[in-house]
**Student:** 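Okay, here's the structure, questions in a sec.
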Amino acid sequence: MTRYRFGNGEYKYFPYSPPEIFQSLRESFYPELAKTANRWLGYFFHYLALSSLKSNN
């Protein structure tokens with residue numbers, strides 16, 4: 001870690017598989033979060049398209 005200027009210390013990793021409660025929460029929230037992320041991505045590309053049209057005129 002020192003060579004990347006993060007100071008001295010040890011890397012701390014979580015176990016490979018999260019506890020069951022976290023895994024079930026992740027699976028239950030993911031579909032709605034994915035819908036929201038895709039909607040925001042659509043808004044972003046729509047905004048970019050409108051911005052490019054305005055700048056070309």
Side-chain angles (χ1 to χ4, degrees):
M1 289 175 44
T2 304
R3 75 177 164 160
Y4 297 110
R5 298 186 186 155
F6 292 131
N8 295 327
E10 299 176 18
Y11 287 108
K12 306 275 185 190
Y13 295 104
F14 292 106
Y16 177 72
S17 59
E20 183 61 36
I21 185 71
F22 294 126
Q23 186 63 30
S24 63
L25 285 171
R26 177 189 290 172
E27 291 171 3
S28 66
F29 284 121
Y30 183 82
E32 289 302 317
L33 289 173
K35 288 179 196 175
T36 301
N38 289 332
R39 187 169 49 248
W40 287 359
L41 186 63
Y43 294 153
F44 176 71
F45 281 120
H46 182 73
Y47 172 78
L48 287 179
L50 289 177
S51 296
S52 68
L53 289 175
K54 289 179 182 177
S55 66
N56 288 337
N57 290 333

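These numbers were taken from a predicted model, which means no experiment stands behind them.
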**Student:** Specify the closest pair of heavy atoms between Pro31 and Ser28, including all atoms of both residues, with the distance to one decimal.
**Tutor:** CD-O, 3.7 Å

**Student:** Would you say Lys35 and Asn38 make side-chain contact, with heavy atoms under 4.5 Å?
**Tutor:** no

**Student:** Please name all residues satisfying side-chain hydrogen bond (donor to acceptor under 3.5 Å, both in side chains) with Glu20, sequence neighbours left out, ordered by chain then number.
**Tutor:** none

**Student:** Compile the donor-acceptor pairs under 3.5 Å between side chains in residues 41-50 and protein atoms, sequence neighbours left out, one pair per line.
**Tutor:**
none

**Student:** Running the 4.5 Å side-chain criterion over Ile, Leu, Val, Met, Phe, Trp and Tyr, what cluster does Phe22 land in, apart from itself?
**Tutor:** Ile21, Leu25, Phe29, Leu33

